[in-house]
Structure formats: structure tokens, C-alpha cells
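Computed from a predicted structure; not experimentally measured. Convention: sequence-line order gives letters A, B, ...; per-chain numbering from 1. FYI, side chains are in, hydrogens and waters are out, and symmetry mates aren't considered; it's all heavy atoms of this structure.
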Protein chains: 2
Amino acid sequence: MIRLSRLADYGIVILTRLARERGRPMAASTLAADTAVAPAMTGKILKLLARAELLVSQRGAHGGYALARAPEAITVADIIEALDGPIALTSCADPASTDCGLEPLCPARANWRRINRAIREALAGITLAEMAAAVPDALAVAPEAERLASTGRRAAGSPLLLDGAR
Amino acid sequence: MIRLSRLADYGIVILTRLARERGRPMAASTLAADTAVAPAMTGKILKLLARAELLVSQRGAHGGYALARAPEAITVADIIEALDGPIALTSCADPASTDCGLEPLCPARANWRRINRAIREALAGITLAEMAAAVPDALAVAPEAERLASTGRRAAGSPLLLDGAR
DNA sequence: GCAATTAGAACCGGATCGGTTCCATTTCAA
DNA sequence: TTGAAATGGAACCGATCCGGTTCTAATTGC
């Protein structure tokens, strides 16, 4: 199973929530409460997303985070790359990697590059706007998360959007 | 980094070697020697591939493994699925998974399914024949592996085709 | 019957990753 | 000016997963 990291998983949840603010900033604590992602985790993810320039941050009292671009201009590929690093099935395709003994001859490189490109394009084809648009207003993330948290159907700290692989 | 498991990595190397035999069987030990993949690992992978019916096996003395189908009819997706399980970024998209609290409402499911399908199609678009075809005869896997093994440029047990991520 | 070979399962150590904690820095407001 | 609220950044820890090994059983040819 090729699996998405939880970081990216949570990141998409958080960004989806943020997308509904249309550029208005939100504090990390508010985001954590709304998405039911653990606050510490939320902070970590927001910092990474800010460093990748998907978010802009405002420090100090009354600070917070806001999308750096329109949701239409942020793709799933952007998010995964910000949180998990470059999208590639193998480091073989990474030009910076040089410790592969077969480097100059490796016959599979071209094919792997094809594969990696195809995967990257698949992920770059979905925007944050599309992910967020699928949420009907009546089932918006925040109230839903609260309902689940209160009913206890979901273990604390478990992923909101997706559960673990397998 | 979305990374390919070593199992799948090695599996592709081994199958690429096997593809050059055009249906003739090879013993696991021979394959291990030719590909420089550790013998025990090679055995494990061959067993998995046989169970997935990508290979046919002949037990007993002078036994071995051969491709169950033409290399043109085996895709990278087949190989990865045989060794790593279903190709999907999230179990959310797995109909059998029911422990997602948001199951019936999850707004992202449709999008994830799109993404997963795109990735699967990318991997299903490359055949073993294509992977094998990229090997010029002069640089065929076997002699190359031996050369590297003898020169010691590559640590014993390290991947032949690709090195670890990061 | 013995040697060669695959089938299958259990097992182990280490790397990775999800998650937490701590401290520094910035900003606002009383 | 001081303190509270917030982000920035790094280190740390424990559990899980995975690469890899080992052992035993079953099968087949000579």
C-alpha cells in the first residue's frame, strides 16, 4: 500500500477548513478545535505549510494563519510536497541523489520518471477548492467535528478525514 | 515522500531479469546472484509474486520460477499490488474499511477516489516489457550486478535499482 | 532415499513517523 | 513597560512498520 502520511492527511483537513475563510486568518488553536486535529499537531502542520508558503502567518497576539493563495491555486500535490517532501516513488528519480551505484547506467530511470510524473500530475490535478467545494454547507467540517467529538464515536486524536491504512 | 517499498523495488528488478528469459524458469538462487538481491529476500519476493500469479513455480529439484504471462501483460501496478497490497493513498477509498467515523458523510471520498484512480492508472500504464526493454544488451542486469558486487562500490544488501528515500 | 528446491510462517532489530514538549521570538494592549 | 497571546523552530520519545533472516515442511528429480 502506497500510503499518504498523516501529516498530509491532517494538512488537507486543516487547509480545507481554512479555505472556507477566504483569506481571513485563523489562530492555530481555533483550527485545531474546528478540525479535531490535536493542537500540537495542528501547530506543527501549520508551521510547515507556512514555511512552504502555502500559508501566510501573523505572529504575536491576535496572530494566525491564512491561505497565501486562492484555494483554486493550491493543489493536493502542493500540500503533500509541503508536508512530506517531493512526490516521487523513488529517490532514484531525484537528480540530487547520487549514491545509487548504477546511477549513470540505470536503465529504469526513464521509466520511473514517467511514473513519477504521472503520479505528480494526478495529484496536481485536484485543487484545494475542489476538495473544499465537496462539503455541503449543512455538513461543514466544524459542526461535524464537534458532533463526533461529543458523541465519542471517534477516538481522540484519530484522523478526522481518513483513518490509518489497512 | 510517497515511497515505494523495497519489496516492490526489488520485485521489479527481479521480474525485469526474468523477463529476459521469455518464459524459461530460473531458480531463486540464480536470480539472486544475477540481480544482487539478497537470496533470502529474493525467495520471499518470488513466493509473493507466485502467490499473486504473476509467476508460476516449479517445486522440487531443478525447480524454479517463470513469468506466468508475457512481459507485455504485466504492469507495474500488478507488481506493486502483488507485493505491497492495493494501490491507494488512503484506506478511506477502500470499500472494505468501515472504521472511519465520517464514513457516510465524508465529503472527500469522491476526490480521493479520483486521485487514487489516477495514480493506479499511471502505474498500470507501464508494462514489465517496457521496463525490461530499456536495458541495452551490453548493459544487461546480470553482468552489471556482478561487476558492482566485485568492485564493492555498493554495500552488500543495498538495493540494486534504487537507494533508500531521502 | 537423498539432494535440491519451493512454501510458509515466525521472528527480530532498526528506521521511520506520529505526536509531544520546550523555549525563543514577535506583537498587541493594558 | 510589562505581560499575555500567538507563531517559529528544534529536540525528543515511544510505537509501529518494514526490511531482512531463519527455520521447518512439502515437493520433485535422480
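Atom OH of residue Tyr10(B) and atom CG of residue Leu83(B) lie 12.5 Å apart, to the nearest 0.5 angstrom.
The CG-P distance, from Leu83(A) to dG18(C), rounds to 10 Å in whole Å. Atom CE of Met26(A) and atom P of dT7(D) are 11 Å apart (whole Å). Between the P atom of dA9(C) and the CD1 atom of Ile45(B) lies a distance of 18 Å, rounded to the nearest Å. For Asp9(B) and dG19(D), the CG to P distance is 9 Å, given to the nearest whole Å. Between the P atom of dC17(C) and the CG atom of Asp84(A) lies a distance of 8 Å, rounded to the nearest Å. For the pair Leu46(A) CG and dA5(D) C1', the interatomic distance rounds to 16 Å; values are reported in whole Å.
Listed nucleotides: dT20(C), dG20(D), dA7(C). Nearest to the side chain of Tyr65(B): dA7(C). The side chain of Ser5(A) sits closest to dG18(C) out of dG18(C), dG19(D), dT7(D).
For dG18(C), the base has no donor-acceptor partner in the side chain of Lys44(A) [N/O atoms by modelled type, under 3.5 angstrom].
Sorted by residue number, the members of residues 47-54 of chain B with any non-hydrogen atom under 4.0 Å from DNA chain C read Lys47(B), Arg51(B).
Taking side-chain N and O atoms only, Ser57(B) has a distance below 4.0 Å to OP1 or OP2 of dA7(C). The shortest distance between the side-chain N/O atoms of Tyr10(A) and the OP1/OP2 oxygens of dG18(C) is not below 4.0 Å.
Nearest-nucleotide mapping onto DNA chain C: of Leu7(A) and Gly43(B), the residue sitting toward the 5' end is Gly43(B). Mapping Ala40(A) and Ser29(B) onto DNA chain C by nearest heavy atom places Ser29(B) closer to the 5' end of the strand.
With sequence neighbours excluded, the residues forming a side-chain contact (heavy atoms from CB on, under 4.5 Å) with Pro25(B) are Ala66(B), listed by chain and number. Applying the side-chain contact (heavy atoms from CB on, under 4.5 Å) rule to Ala40(B) yields no partners; only residues at least two apart in sequence or on another chain are considered. In this view, Glu121(A) and Arg117(A) satisfy the side-chain contact (heavy atoms from CB on, under 4.5 Å) rule, not counting sequence neighbours. By the side-chain contact (heavy atoms from CB on, under 4.5 Å) test, Ala19(A) pairs with Leu67(A), Pro71(A), Leu128(A), Ala132(A), sequence neighbours left out.
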Taking only distance into account, with no hydrogens and no angle test, what donor-acceptor pairs under 3.5 Å do side-chain atoms of residues 74-81 of chain B form with protein atoms, sequence neighbours excluded?
unit_1: Thr75(B); atom_1: OG1; unit_2: Ala77(B); atom_2: N; d: 3.3
unit_1: Thr75(B); atom_1: OG1; unit_2: Asp78(B); atom_2: N; d: 3.1
unit_1: Thr75(B); atom_1: OG1; unit_2: Asp78(B); atom_2: OD2; d: 3.2
unit_1: Asp78(B); atom_1: OD2; unit_2: Arg69(B); atom_2: NH2; d: 3.2
unit_1: Asp78(B); atom_1: OD2; unit_2: Thr75(B); atom_2: N; d: 2.9
unit_1: Glu81(B); atom_1: OE1; unit_2: Arg120(B); atom_2: NH2; d: 3.0
unit_1: Glu81(B); atom_1: OE2; unit_2: Arg120(B); atom_2: NE; d: 2.8
unit_1: Glu81(B); atom_1: OE2; unit_2: Arg120(B); atom_2: NH2; d: 3.3

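At distances below 3.5 Å, at least one donor-acceptor pair connects side-chain atoms of Thr16(A) with backbone N or O atoms of Ile12(A).
In this structure, Ala27(B) reaches the sugar-phosphate backbone alone: every heavy-atom distance under 4.0 Å involves primed, P, OP1 or OP2 atoms, never a base.
For residues 22-31 of chain A, the set of pairs meeting the salt bridge (charged side-chain N to carboxylate O under 4.0 Å, His left out) definition, not counting sequence neighbours, comprises Glu21(A)-Arg24(A), Arg22(A)-Glu72(A). Counting only residues at least two apart or in different chains, side chain to side chain donor-acceptor pair (under 3.5 Å) contacts with residues 38-59 of chain B are absent.
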Can you give me the N/O atom pairs linking the protein to nucleotides 27-30 of chain C at distances under 3.5 Å, or say none if there are none?
unit_1: dT27(C); atom_1: O2; unit_2: Ala61(A); atom_2: N; d: 3.1

